[in-house]
*Asks:* 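There's a structure below that I have some questions on.
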There are 2 protein chains.
Amino acid sequence: MVSVLSTSQRLHENLARLIADSAPGERLPSEPELARRMSVSRATLREAMRAFETQGMIYRRQGSGTYVTHPTQVIDSGLEVLQSIETLARHIGLPVSLGELHIDPRTPTEEEAQALNIELESGVICVRRVIMAQDHSAAYLVDTLPEDVLSPKALEVDFTGSVLDLLLKQGNPPLASSRCEINAVTASVDVARAMHIQRGDVLLRFVAYLYAGNGRVVDYSYSYFLPGYFRFHVVRRV
Amino acid sequence: MVSVLSTSQRLHENLARLIADSAPGERLPSEPELARRMSVSRATLREAMRAFETQGMIYRRQGSGTYVTHPTQVIDSGLEVLQSIETLARHIGLPVSLGELHIDPRTPTEEEAQALNIELESGVICVRRVIMAQDHSAAYLVDTLPEDVLSPKALEVDFTGSVLDLLLKQGNPPLASSRCEINAVTASVDVARAMHIQRGDVLLRFVAYLYAGNGRVVDYSYSYFLPGYFRFHVVRRV
DNA sequence: CAGATGTCAATTGTCAGACAATTGACATCT
DNA sequence: AGATGTCAATTGTCTGACAATTGACATCTG
């Protein structure tokens with residue numbers, strides 16, 4: 001069975017490439033021309049264009065044409081796209097490995113029960129691990145999930161260090177978005193012990209809720225980052 | 001002359017309201033039905049739908065229907081929307097005031113010249129100020145702009161503490177997006193002095209490039225935040 | 001000559017109608 | 001009970017057309 005991309009997907013990729021290859025301010029070919037070139041109807045093309053327009057990559061002016069804005073967004077996506085630390089590290093060329101790993105099935109704390117919107121008596125799986133870079137601990141990640149979301153079996157078989165990648169690969173439940181709160185903190189006693197750093201060292205902390213398509217919270221996580229290893233950024237738009 | 005909204009704009013607003021008023025997971029009326037109700041063609045409607053789809057507010061399934069995801073994105077926008085600290089503070093109900101303010105016309109440092117992509121001999125305006133909350137300094141913001149972007153006159157007249165708001169109000173040049181890098185740092189000597197805190201205190205730091213529509217960098221800024229006053233978050237999507 | 005005005009081709013915005021592909025519920029058969 | 005066929009509903013895509021706007025050029029006018 002050959003994996004065939006749908007018309008939309010092909011079109012989207014082709015357009016993305018075209019836009020990425022264009023200089024800022026450059027005018028794209030006209031819609032009839034593009035539709036011919038991409039072998040789709042103008043209506044379908046326009047819908048795809050609208051997608052790029054809402055992302056601020058192009059703007060259209062009636063009577064004049066379609067123009068690309070600066071391609072910052074294309075070559076450079078930030079925190080606003082949901083991807084794991086491992087995927088992010090791979091993109092920036094930082095070799096990372098999985099350090100100490102703990103997988104605890106247990107009952108949730110009051111905070112976790114509230115965050116995940118579950119009963120105190122129900123079960124959760126808590127995944128704690130250290131991410132190593134250049135033989136030093138660079139991050140400490142703690143994920144808490146309802147036990148029915150992720151089977152312990154899947155965790156044993158092919159856990160590479162990323163709960164997010166596992167959930168994405170599993171495909172069920174379908175993930176929608178994540179709300180990530182950003183703080184600067186000093187290392188607490190247990191975080192310092194896990195990362196082998198001094199208590200009081202400065203850390204970047206993310207507290208995140210991961211939402212499934214139906215609105216359910218499927219993962220509540222704390223992530224601690226030692227400055228210098230990762231570079232996080234956000235693209236902000238008007 | 002009456003200001004009339006274009007068909008697209010009306011449609012967009014109506015759809016936004018409809019989606020916002022829907023419960024998570026709810027199915028929207030069919031496309032032909034919606035097109036009739038909004039008095040537009042199905043093609044136009046679909047283009048607007050695509051806009052909301054790329055924003056993750058709805059998803060469409062062929063043969064089944066169009067569904068709204070949870071309205072997190074609607075009620076809760078984060079760092080990914082470009083707005084000033086003052087606007088953000090107003091939204092969360094934190095009363096802030098402008099503390100010590102310095103406006104320096106000077107020549108750029110090497111770092112600034114490179115960031116703004118200008119000559120070392122050209123002029124820049126450097127705006128430094130402290131943001132106060134509850135009688136304590138909560139943030140320290142340093143903006144550097146090419147001198148032709150912002151007239152010193154505008155700064156004198158109605159500067160409320162936000163360079164971004166001033167540029168948005170001025171409308172020229174039109175702003176497109178901002179790239180904001182996120183770090184956790186300890187206070188350096190001069191930052192500590194400006195904020196009246198201890199050297200070595202933990203701070204959240206943003207380093208941001210503000211882009212105009214033509215791709216030019218119009219503002220290069222450092223922002224330091226004392227933990228506890230502001231809450232920053234990002235909505236991340238697949 | 002400078003500025004206003006008209007003309008026109010190119011381009012995006014919108015429309016109507018049609019058919020294809022998929023889904024989900026229901027009925028039917030084994 | 002489970003597999004299979006049927007069918008209406010819904011989104012995906014296509015075609016061709018016309019309206020509205022833009023920008024360049026020619027033309028008129030004081």
Side-chain angles (χ1 to χ4, degrees), chain A residues 1-16 18-19 22-23 25-69 171-174 176 213-214, chain B residues 1-16 18-19 22-23 25-69 174 213-214:
Chain A
M1 149 149 179
V2 183
S3 164
V4 179
L5 277 70
S6 74
T7 305
S8 309
Q9 289 175 307
R10 251 192 307 108
L11 177 60
H12 191 88
E13 289 191 12
N14 288 338
L15 267 184
L18 179 67
I19 292 170
S22 302
E26 189 175 326
R27 210 191 76 178
L28 293 180
S30 74
E31 293 182 356
E33 162 71 22
L34 269 183
R36 256 196 313 279
R37 200 189 294 182
M38 309 260 180
S39 306
V40 295
S41 73
R42 210 184 132 213
T44 305
L45 178 85
R46 278 185 61 81
E47 233 190 277
M49 297 282 245
R50 172 74 91 175
F52 287 103
E53 191 181 27
T54 60
Q55 290 177 56
M57 294 173 164
I58 60 174
Y59 62 97
R60 303 183 280 190
R61 275 172 58 198
Q62 184 173 174
S64 179
T66 303
Y67 304 83
V68 322
T69 62
N172 183 20
N214 56 16
Chain B
M1 145 149 186
V2 183
S3 163
V4 178
L5 277 71
S6 74
T7 305
S8 308
Q9 289 174 307
R10 251 190 308 109
L11 177 60
H12 190 89
E13 289 192 11
N14 288 339
L15 268 183
L18 178 67
I19 293 170
S22 303
E26 190 174 325
R27 210 191 75 179
L28 293 179
S30 73
E31 294 182 356
E33 163 70 22
L34 270 183
R36 257 196 314 278
R37 198 188 297 182
M38 309 258 183
S39 307
V40 296
S41 74
R42 212 186 129 209
T44 306
L45 177 86
R46 278 185 62 81
E47 234 190 277
M49 296 282 246
R50 171 75 90 173
F52 287 103
E53 191 182 27
T54 60
Q55 290 176 58
M57 296 164 80
I58 61 174
Y59 63 95
R60 301 184 280 190
R61 276 173 58 197
Q62 185 173 173
S64 178
T66 303
Y67 303 82
V68 322
T69 63
N214 56 16

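Below, chain A is the first sequence line, B the second, and so on; all start at residue 1.
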*Asks:* Let me know the distance between OH of B:Tyr59 and P of C:dT23, rounded to the nearest Å.
*Replies:*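 Going from B:Tyr59 (OH) to C:dT23 (P), I get 13 Å.
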*Asks:* Looking across every strand, which nucleic acid part, if any, lies under 4.0 Å from B:Arg46 by heavy atom: base, sugar-phosphate, or nothing?
*Replies:*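 Base contact - B:Arg46 has a heavy atom under 4.0 Å of at least one base atom.
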*Asks:* Heavy-atom nearest nucleotide on DNA chain D for B:Leu28 versus A:Ala43: which residue maps closer to 5'?
*Replies:*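 Nearest nucleotide further toward 5': that of B:Leu28.
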*Asks:* For a quick check of understanding: with a heavy-atom distance under 4.0 Å over all strands, which category does B:Arg27 fall into, base, sugar-phosphate or nothing?
*Replies:*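 Sugar-phosphate contact only - B:Arg27 comes under 4.0 Å of backbone atoms but never of a base.
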*Asks:* Which listed nucleotide (C:dG24, D:dT21, C:dT14) is nearest to the side chain of B:Ser64?
*Replies:*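 Selected nucleotide: C:dG24.
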*Asks:* Quickly work out the A:Glu47 CD to C:dT14 P distance and round it to whole Å.
*Replies:*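 The answer, rounded to whole Å, is 14 Å.
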*Asks:* Is it the case that D:dG12 (base atoms only) and B:Arg42 (side chain only) share a donor and an acceptor within less than 3.5 Å, ignoring hydrogens and angles?
*Replies:*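 Checked by distance alone, the answer is yes.
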*Asks:* DNA chain D: B:Gly63 or B:Arg50, which has the more 5' nearest nucleotide?
*Replies:*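 Mapping each residue to its closest nucleotide by heavy atoms, the 5'-most match is B:Gly63.
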*Asks:* Identify the nucleotide, in any strand shown, that forms a Watson-Crick or G-U wobble pair with C:dC29, with both distances under 3.5 Å; if there is none, say none.
*Replies:*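 The base-pairing partner of C:dC29, which may sit in any strand shown, is D:dG2.
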*Asks:* May I have the distance from B:Leu45 (atom CG) to C:dC15 (atom C1'), rounded to whole angstrom?
*Replies:*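 Going from B:Leu45 (CG) to C:dC15 (C1'), I get 13 Å.
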*Asks:* Nearest to the A:Ser8 side chain among C:dT14, D:dT13, C:dA20, which nucleotide is it?
*Replies:*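 My answer, after comparing the listed nucleotides, is D:dT13.
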*Asks:* How many whole angstroms separate atom CD of B:Glu31 from atom C1' of D:dC14?
*Replies:*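 Going from CD in B:Glu31 over to C1' in D:dC14 covers 15 Å.
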*Asks:* Would you indicate, yes or no, if D:dT10 has its OP1 or OP2 atom less than 4.0 angstrom from a side-chain nitrogen or oxygen of B:Thr66?
*Replies:*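 No, B:Thr66 has no side-chain N/O under 4.0 Å of OP1/OP2 on D:dT10.
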*Asks:* How about B:Met38 and B:Leu15: do any of their side-chain heavy atoms sit closer than 4.5 Å?
*Replies:*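 Counting from C-beta outward, B:Met38 and B:Leu15 do come under 4.5 Å.
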*Asks:* Might you point out which heavy atoms bring A:Ala35 and A:Leu45 nearest each other, and give the distance in Å?
*Replies:*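 Answer, listing the atom of A:Ala35 first, then A:Leu45: N-CD2, 4.0 Å.
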*Asks:* Going by purine N1 to pyrimidine N3 plus the second Watson-Crick contact, or the G-U wobble pair, all under 3.5 Å, which nucleotide sits opposite D:dC7?
*Replies:*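 Pair assignment: D:dC7 / C:dG24.
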*Asks:* Measure from the side chain of A:Thr44, starting at C-beta and using heavy atoms only, and say which of D:dT10, D:dT13, C:dT11 lies closest.
*Replies:*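 Of the candidates, D:dT13 comes closest.
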*Asks:* If I take atom CZ in residue A:Arg36 and atom P in nucleotide D:dC14, what distance separates them, rounded to the nearest angstrom?
*Replies:*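 My rounded result for the distance is 15 Å.
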*Asks:* Give the rounded distance in Å between these two atoms: CG of A:Leu34 and P of C:dG13.
*Replies:*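 The distance from CG of A:Leu34 to P of C:dG13 comes to 13 Å, rounded to the nearest Å.
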*Asks:* In this structure, how many angstroms lie between the C1' atom of D:dT13 and the CD atom of B:Gln62, rounded?
*Replies:*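 To the nearest whole Å, that distance equals 9 Å.
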*Asks:* Just by distance, do the side chain of B:Thr66 and the backbone of B:Ile58 share a donor-acceptor pair under 3.5 Å?
*Replies:*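 No; zero donor-acceptor contacts below 3.5 Å.
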*Asks:* Is any side-chain N or O of A:Arg61 closer than 4.0 Å to OP1 or OP2 of D:dG23?
*Replies:*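 True: A:Arg61 side-chain N/O within range (under 4.0 Å) of D:dG23 OP1/OP2.
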*Asks:* Within this structure, what is the OH-to-P distance between B:Tyr67 and D:dT11, rounded to whole angstrom?
*Replies:*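 These atoms are roughly 8 Å apart.
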*Asks:* Taking atom OG of B:Ser22 and atom CE of B:Met57, what is their separation to the nearest 0.5 Å?
*Replies:*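 Taking OG in B:Ser22 and CE in B:Met57, the distance rounds to 10.0 Å.
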*Asks:* Check step by step if side-chain contact (heavy atoms from CB on, under 4.5 Å) holds for B:Arg50 and B:Glu53.
*Replies:* CA-CA 5 Å; B:Arg50 171 75 90 173; B:Glu53 191 182 27; 3.6 Å; yes
*Asks:* Any strand is fair game: report the nucleotide pairing with C:dG17 by Watson-Crick or G-U wobble, both distances under 3.5 Å, or none.
*Replies:*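 D:dC14 is the nucleotide pairing with C:dG17.
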*Asks:* Just to verify, which of B:Arg61, B:Gln62, B:Arg60 counts as forming a side-chain contact (heavy atoms from CB on, under 4.5 Å) with B:Ser64?
*Replies:*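 Among the candidates, only B:Arg61 passes.
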